[in-house]
Trainee: 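Attaching a single structure in structure tokens format; questions to follow.
Letters A, B, ... mirror the listed sequences (proteins, then strands); counts begin at 1.
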Amino acid sequence: MKRLNRLRQSLKIKSMSEILEPRYDHQKHEKEIYELWEKSGYFNPDNLPTASSEFGVRSSKNKKISQTKPRTSNLEPFSIIMPPPNANGSLHLGHAVFVALQDILIRFWRMRGKKALWLPGADHAGFETQVVFDKKLEKEGRNRFTIPREELFKEIWDFTQHNKKIMEEQLRKLGASCDWSREKFTLDPAIIRIVYETFEKLYKDGLLYRDLRVVNWCPKHKTALSDLEVKHEERLDQLYYIKYGPLTLATVRPETKFGDTALAVNPKDKRYSKYIGKEIRALGLLGKLTFKVIADEAVDPKFGTGVIKVTPAHDPADFEIWQRHKKEIPGPKIIIDENGRLTGETGKFAGMKVAEARIKVAEAMKEIGILEKVENDYKHSVAVCYKCGNVLEPIPKMQWFIAMTAKPHQSRDRRPETGDRKKSLRDLGIEAVEKKKIKFYPAHSKKVILHWLKNIRDWNISRQIVWGIRIPVWYCLACSARPESNRGEPKININQEVKSRWFLVRHGETDWNKEGRIMGQSDIPLNKTGMAQAEEAARELKPHKVDLIISSDSARCRQTAEIIKKETGAEIILEKKLRERHHGDIEGLLRKDVFEQYPRIYEYSYEGKYMNAESYRELEERAWEVFSSHHSRHGHKNVVLITHGGTIRMLIKRIKNLTPEAALSIPSRKNAEIIQLDVLDKCENCGGHFYEQDPDVFDTWFSSGQWPFATLMTSDKKMGFHEEVVPQVLDGKTKTYRLRDHGFKVGDKVLFENSATKKIFGYGIITEAKKTTIDKIDYTDKSHYKTYKNLDELMTAFKHKNPEKTFTSKSPAYLYAYDFYPAKNLETDFETFYPTDVMETGYDILFFWVARMVMLGIYTTGKIPFRTVYLHGLVLDKDKKKMSKSKGNVIDPLGVAEIYGSDALRMALVAGNTAGKDIVISEDKIRGYRNFATKVWNISRFILMNKMKDIRHQTSDIRVKLTASDKKNIAEAEKIKDKVGKHIEKFEFHLAAETAYHYIWHTFADKIIEEYKPRLKAETGSEEALGGAASSASGGFAAPRAQAGARRRSERTADSEGPVAAYQTLEAILLECLKMLHPFMPFITEAIFQKLNKGEMLMIERW
RNA sequence: GCGUCUUUAGCUCAGUGGUAGAGCGUUUGCAUGACACGCAAAAGGUCGGAGGUUCGAUCCCUCCAAGACGCACCA
């Protein structure tokens, strides 16, 4: 607090010479002004004064100004949730636009006396950040697929936290008056918790399903994308006409031929009616094939030959055709893998990339004579990744979808109802928009969003990346609910309760591994690489708090175990029965030699006992015996089990209930590879204990779609007696005591007294509610509290009620609580601020974000998330080009703010811009508003010079009679201010800015000031003419009543044509100008206001 | 194919049923009790085209043209 006052003092005028600086130095002022605002606490709406008069009265003696000032929340709320910028880079001009617009709204409504909350945050921005980070890794020669999940997550976490800090500083530089105490990150545990609750609710309502669908797969990023993340590009390609027996069809993708499962024609197409339902024989590249011909409406008889091949695995339309004809034709046959390469199903084409395979396949088809013709320059559009531009491969994948058009049902659970249970998410959205519950600026975006909603499709929310909120679903490894299957119910586990984790770890490398020798039970130690691998594994395991290590007693496992023990501190149990399969006579031989010599030996069979080897069955029996006995004893512990490739294979077979064939076809594990098994409650289906979590994370928009309510529901941690944060008591040395540490608990009544004034200023009951406020207390009504004469009496009272608990402090000068509760009317941020007033964001994320917030907001809370949507456009450069890093035309907002000032930048972004229109900005424009800032500065400078030059002008407390035209001029300024306010109310920011600009420059500066110059110059009457009023000057802090008194006295003075009245008129107009300009140019206006010394802070002046 | 928007001064854009505005730029003056990042003044537009409604249209309606964007399909 002292610091704050010092800061204010430093902002006042110190000398004439300072006043005489003809330029406003934004670099000097902006930092200290922001600090002044932030330190004042007024960004937090809970600290806002009820009315300006209550804090306008103050004395320099009152050092505890903010402690004694009544905080109140009886004010009407006004709230904006800041669109959380992506924490993967720094802010660009687009961000500066939202800062400008939202800050205008917040500052305006704060000045209008509303309880204005602007809640800031940052978005982890899943895929976007992953892409940015992947590029960073690429530069470093690394790649995300080789970094363990936890490590990668941690690295990206640090990366985003770093960026987040930079962004916060940037927001401060731009003058954002947001409440930092409520700042949120999309990966805050409390936010994740809410996201999980929504996920569970959707699941229980049957709106969430997991299904095999042909998804938009990016082979570069190796993840699926939602429909919105797909861009379409026009391409010229070849159209191939291929013979399928008697039929010929056209395709641009001959390489997918291997995945064909049928042919299709239009049912009305007479040319082909004789084939419908028949099987035709065709010559394929891998021999003869038979296809059934089906009839489907989706086939356009006019296209190509009117015949299509059905490739359900690699074409979304074909996938749908298959779904309609499931009984007649085979399902998806996957022939393209996640890397965009052809699979082993394609003979000699296996391993080729799609583009290459297309040419090679066409050539091969030509050779065998089934390629009839090729049409060049066939124009069509292809789906590409919006990030990397690579062609997307349609691949069937199990993914989580949200049903957008299905009505919720309650087959799975009965729970308390929120929202309209009968409507689909889409219909909830449509209704809110159509019934005008949500207002749109620009108005036409309403049509756009409705059009999108009406054509909406189910939303794929799974992303195959690490960075994000992991899907809280576990699959039992033993039964059909496992990930690769579509059957059974997975466990939705939003509490993420995992009893323990078991890790199967293969030993590190030995020389024999390296040489390719068969080891079996030969006791070969680790080599150097093996040691390093073990150390790597140990590091990875350490965070999991390993309780126990169970290891095969073979040297290579024992050594691996020792290394892991060193890192984790867990004890080791050695088990002979976990040894590798005994390979008999071939142990020690080179794998390749054995293969040459006994080609059939590798036809492993489960029962096989070649060359005196042990069979897999025998291995399985002995290993499982040890495993299950340890599991029954140590199932609740985190266990690392170190063993061998073959042994792991057999353990996995048992855990997953695999057939011998399936088990033997699992690829071998790498040295020191870790397999994680989560132990959860027994599977209801099969009694299995081992699970694995869904590896996918949520689409980032799934979490940000819940942002308005999630942020508000979790925004009270600093205010409540909840978990870590508890009511506090300060003693005279400003030491903090947490009441909880002194034995107070829920239900206790607490009374607070200010030792300085000896007044009891608060009384509360500690409750479990999350939010507290003292605002509801009526200080004048003594029935709300009981007074105690002193602290001893107070303490005795507590002692009496809670005999076992006494609060003691060695130097208790006063008690003060930041946080305590009134007994009634508990309100949370959610209740106060939801629905929020305005959602201001770019039109480019209308569907991604706004539409989803509307649907999820109503679905979860039953209420719309915001009353008004204001969409701004993209920021374009002066040639109307979209700014992008690759074009090199990006204006760095902080860079130009450095040069011209944040105020100038903000004005430039607002002026001449309407909702939904792209914003054209150039340095010229920003410079123009910098010039305006200088103008404002010089107007003030001129007035301040007049104030300083003569004691008679020094204060406005000396009231003199104003002339009729003085009054008219002031009234006009007020009228203009009203006009500006009306424009802001109507979201006409450009008109508001231009009105203020025009008035200040071309009326106030050019006309009024010029007009008044002669009067300022004129000699005043005698000192007596001013009466004794000058003596009542009190530095500009007179209370309204005192001012009224001064005014009465001054009515009698006779200065009306003189300099005092002239000065006072100009000052009054200047104040109006500062107010109307403050939302747009907050720094310079506040800086001038501080110098004028007419009140505490312009930011909280009443508009 | 479906949908949305735009077209006004050299540039960027406002705006209104009664024959047009701003900023920047341009031109010409000017040290005027703050400001040359300034002051004073000026030039510059048949408001994309055609038709219609109206006493009257840049504004409302229809069509056309050009451009931008979004969605869907594309074998």
Trainee: I need the A:N938 CG to A:L944 CG distance, nearest 0.5 Å.
Mentor: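 Reported to 0.5 Å precision, the distance equals 11.0 Å.
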Trainee: Where along residues 984-1005 of chain A does a heavy atom come under 4.0 Å from RNA chain B, residue by residue in number order?
Mentor: A:H990, A:L991, A:Y997, A:W1001, A:H1002, A:A1005
Trainee: Decide, yes or no, whether a salt bridge links A:R235 with A:D237 under the criterion of side-chain N to carboxylate O below 4.0 Å.
Mentor: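 No, no charged N to carboxylate O under 4.0 Å.
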Trainee: Nearest-nucleotide wise, let me know which of A:I939 and A:A250 is further upstream toward the 5' end of RNA chain B.
Mentor: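 Between the two, 5'-proximity favours A:I939.
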Trainee: ring-ring contact (aromatic ring centres under 6.0 Å, His included): which pairs involve residues 895-931 of chain A, sequence neighbours left out?
Mentor: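 For residues 895-931 of chain A: A:Y929-A:Y997.
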Trainee: Would you please name every residue forming a ring-ring contact (aromatic ring centres under 6.0 Å, His included) with A:W452, sequence neighbours left out?
Mentor: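 For A:W452, the residues satisfying ring-ring contact (aromatic ring centres under 6.0 Å, His included) (neighbours in sequence not counted) are A:F847.
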Trainee: Rounded to whole Å, how long is the line connecting atom CD1 of A:I449 with atom C1' of B:rC69?
Mentor: 16 Å
Trainee: Salt bridge (Lys or Arg N to Asp or Glu O under 4.0 Å): which pairs involve residues 242-251 of chain A, sequence neighbours left out?
Mentor: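 Every candidate salt bridge (Lys or Arg N to Asp or Glu O under 4.0 Å) pair involving residues 242-251 of chain A fails, so no pair, neighbours aside, qualifies.
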Trainee: Using a heavy-atom cut-off of 4.0 Å across all strands, would you classify A:G304 as base, sugar-phosphate, or nothing?
Mentor: nothing
Trainee: Mind checking A:L249 for me? I need base, sugar-phosphate or nothing, with any heavy atom below 4.0 Å counting as a touch.
Mentor: nothing
Trainee: What's A:V299 touching, base or sugar-phosphate or nothing? Going by heavy atoms closer than 4.0 Å.
Mentor: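 Base, at least one base atom sits under 4.0 Å.
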Trainee: Would you state whether a donor and an acceptor, one from the side chain of A:E1010 and one from the base of B:rA34, lie under 3.5 Å apart?
Mentor: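 When only heavy-atom distances are counted, A:E1010 does reach the base of B:rA34 through a donor-acceptor pair under 3.5 Å.
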Trainee: Considering only the C1' atoms, how many Å lie between B:rG3 and B:rG25, rounded to the nearest integer?
Mentor: 38 Å
Trainee: Determine, for A:K979 against A:E972, whether the closest basic-nitrogen to carboxylate-oxygen distance falls under 4.0 angstrom.
Mentor: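 A:E972 and A:K979: not salt-bridged.
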Trainee: Considering residues at least two apart in sequence or located in another chain, which fulfil the ring-ring contact (aromatic ring centres under 6.0 Å, His included) criterion with A:F942?
Mentor: none
Trainee: Mind checking if A:N913 touches a base, just sugar-phosphate, or nothing, with heavy atoms under 4.0 Å?
Mentor: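 No contact at all - A:N913 keeps every heavy atom at 4.0 Å or more from the nucleic acid.
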Trainee: Stem list for RNA chain B, please, built from Watson-Crick and G-U wobble pairs under 3.5 Å and keeping only runs of at least 3.
Mentor: B:1-7 with B:65-71, B:10-13 with B:21-24, B:26-30 with B:38-42, B:48-52 with B:60-64
Trainee: Return the CD to CE distance between A:E1072 and A:M1076, rounded to the nearest 0.5 Å.
Mentor: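 These two atoms lie 6.5 Å from each other.
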Trainee: So what does A:R457 touch, heavy atoms closer than 4.0 Å: a base, only the sugar-phosphate, or nothing?
Mentor: sugar-phosphate
Trainee: What pairs of residues pass the salt bridge (Lys or Arg N to Asp or Glu O under 4.0 Å) test when at least one of them lies in residues 303-319 of chain A, not counting sequence neighbours?
Mentor: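 Residue pairs passing salt bridge (Lys or Arg N to Asp or Glu O under 4.0 Å), neighbours aside: A:D260-A:K309.
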Trainee: In whole angstrom, what separates A:Y843's OH from B:rG70's P?
Mentor: 8 Å
Trainee: Partners of A:D844 by salt bridge (Lys or Arg N to Asp or Glu O under 4.0 Å), sequence neighbours excluded?
Mentor: none
Trainee: To the nearest Å, give me how far apart CE (A:M907) and P (B:rU12) are.
Mentor: 21 Å
Trainee: What N/O pairs connect the protein and nucleotides 4-10 of chain B at under 3.5 Å? Give each pair on its own line.
Mentor:
from, atom 1, to, atom 2, distance (Å)
B:rU4, O2', A:H444, ND1, 2.9

Trainee: Mind calculating the distance between CD (A:E375) and P (B:rA75) to the nearest angstrom?
Mentor: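 To the nearest whole Å, that distance equals 13 Å.
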Trainee: Tell me whether A:K454 is salt-bridged to A:E434, with the criterion being a basic N under 4.0 Å from an acidic carboxylate O.
Mentor: yes
Trainee: Mind telling me whether A:W849 and A:W701 have parallel, tilted or perpendicular rings, with 30° and 60° as the class edges?
Mentor: tilted
Trainee: For A:Y241, which residues count as a ring-ring contact (aromatic ring centres under 6.0 Å, His included) partner, sequence neighbours excluded?
Mentor: none
Trainee: In whole angstrom, what separates A:W937's CH2 from B:rC35's P?
Mentor: 14 Å
Trainee: What nitrogen or oxygen pairs link the protein and nucleotides 26-29 of chain B at under 3.5 Å?
Mentor:
none

Trainee: Check this for me: does any side-chain nitrogen of one of A:D924 and A:R930 sit under 4.0 Å from a carboxylate oxygen of the other?
Mentor: no
Trainee: Check if the side chain of A:K925 and the base of B:rC24 share a donor-acceptor pair of N or O atoms closer than 3.5 Å.
Mentor: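 No pair found.
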Trainee: Could you name each residue pair satisfying salt bridge (Lys or Arg N to Asp or Glu O under 4.0 Å) that touches residues 1003-1012 of chain A, not counting sequence neighbours?
Mentor: A:E1010-A:K1013
Trainee: Could you check how far CZ of A:R253 sits from C1' of B:rA75, rounded to whole Å?
Mentor: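 From A:R253 CZ to B:rA75 C1': 11 Å.
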Trainee: Any donor-acceptor pair under 3.5 Å between the side chain of A:R927 and the base of B:rC37?
Mentor: no
Trainee: Output yes if the stacking criterion (under 5.5 Å between centres, under 30° between planes) is met for A:F847 over the base of B:rG70, else no.
Mentor: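 Whether judged by distance or by angle, A:F847 falls short somewhere, so it does not stack on the base of B:rG70.
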Trainee: RNA chain B: A:K1007 or A:G306, which has the more 5' nearest nucleotide?
Mentor: A:K1007
Trainee: Please report, rounded to the nearest Å, how far the C1' atom of B:rC35 is from the CG atom of A:N938.
Mentor: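 Answer to the nearest Å: 3 Å.
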